[in-house]
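Because only heavy atoms are used, hydrogens play no part in the values below, and waters and symmetry mates are left out as well, while side chains stay in.
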Amino acid sequence: MPIHVRFWGVRGSIPTPGPSTRRYGGNTSCVEVRTPEARFILDAGSGLRELGLRMVREAAGEPTTSHLLLSHAHWDHIQGFPFFGPAYNPATTLRVYGTEPGDDRFHRLLSGQMDSAYFPVQFSDLAGSIVADHLDGGRRQVDDAVVSVLPVCHPGGSLSYRIQLGGQSVVYSTDNELDLVIENPEDDAHPSILRRLPADLVDFVRGADLLIADGQYTDAEYPKHRNWGHSRATTVVDLAVAAQVRQVAIFHHDPMQSDAEVDAKVDACRQRAAALGAPGLSIFGAREGIELRITG
């Protein structure tokens, strides 16, 4: 029973259409994870619009249920929702998850951004059923998958998610400033010493078949953006090596990075993996349209 993963938006901060971002794409965060019984939507950035168009075509008017897992509510992670076609269809059910029973914050935020001051169509005008749900304090069975959640380091807070189907697992951990929580900063400059990260994060990621992680900055860019809530891409490699994951998608590319600059960033990550004694770790740059089949 495989997990299918498709990237619909991989950019951070603001959509960046144009010739310099054509290959990796300019839409903001949105990833679709499908199991045999469930469709999970990870973040609702501008990439959600294209996902919605495909969902409408596939559904052909039949009822559908999807599960929306938001990392947080900064604009680049919710701005696609008002343009999500299935939300206007009465055959649609979209379950929007908080962490605890009664936690409807994301449901309220999606409604709030459709206030007439921001958008011409009101949340109350949506024909679909947009339902507030929760992850029962941090871990819950949703159809055939187990979904777990972990708070991570980002201004205003952010959530990472793990979706487990039998022996297969995908971890989505964007907007997480790993470099602020390194436990051995005195060793940070050494190219072959593993940057130690918090045990709860390493355990959450451990053994994942695919880690989708915020690697917005290069090593040279990061010092100018410290405390902005995003990681050096190379530090994502340290997390992956420590947690013994199979493959890593470097995600949330900076809006100023061209396709060539993302290529160079990913190459630096592969060099980091080799220096850490993990040359076999599969590392790639997340790109719109990539579809993966996770078989464990």
Using the six-membered ring wherever Trp is involved, compare the ring planes of His252 and His230 and label them parallel, tilted or perpendicular (cut-offs 30° and 60°).
parallel
Looking at Arg287 and Gly25, would you say the former's side chain and the latter's main chain have a donor-acceptor pair under 3.5 Å? no
Next item on the list: For Asp43 and Ser71, test the side chains for any donor-to-acceptor distance below 3.5 angstrom and give the result as yes or no.
Entry: yes
When every non-hydrogen atom of Glu183 is compared with those of Pro185, the smallest separation belongs to C-CD, 3.4 Å
Practice problem: Kindly assign one of parallel, tilted or perpendicular to the pair His77 and His72, based on the angle between their ring planes and the thresholds 30° and 60°. | Solution: tilted
Do Arg270 and Asp267 sit within salt-bridge range, that is, some charged N less than 4.0 Å from a carboxylate O? no
Assess the residue pair Thr235 and Arg195 against the criterion (side chain to side chain donor-acceptor pair (under 3.5 Å)); give the C-alpha distance rounded to whole Å, side-chain angles, the decisive distance to 0.1 Å, and a yes or no. CA-CA 7 Å; Thr235 306; Arg195 299 162 182 154; 3.0 Å; yes
Are Glu291 and Arg6 within salt-bridge range, i.e. N to O under 4.0 Å?
yes
Counting only pairs under 3.5 Å, give me each side-chain donor-acceptor contact of residues 105-114, with atom names and distances, residues two or more places apart or in other chains.
unit_1, atom_1, unit_2, atom_2, d
Arg105, NE, Asp103, OD1, 3.1
Arg105, NE, Asp103, OD2, 3.0
Arg105, NH2, Thr99, OG1, 3.4
Arg105, NH2, Asp103, OD2, 3.2
His107, NE2, Ile130, O, 2.9
Arg108, NE, Asp104, OD1, 2.9
Gln113, NE2, Ile78, O, 2.8

| query | Is Glu50 salt-bridged to Arg54, going by a charged N under 4.0 Å from an acidic O? | reply | no
Q. Would you call Arg272 and Asp238 a salt bridge, using N to O less than 4.0 angstrom?
A. yes
| Using 4.0 Å as the upper bound for N to carboxylate O, is an ion pair formed by Glu100 and Arg140? | no
is_close_aromatic(Phe40, Tyr161), centroid dist under 6.0 Å: no
query: Cut-off 3.5 Å, side chains only: do His67 and Asp133 have a donor facing an acceptor?
result: no
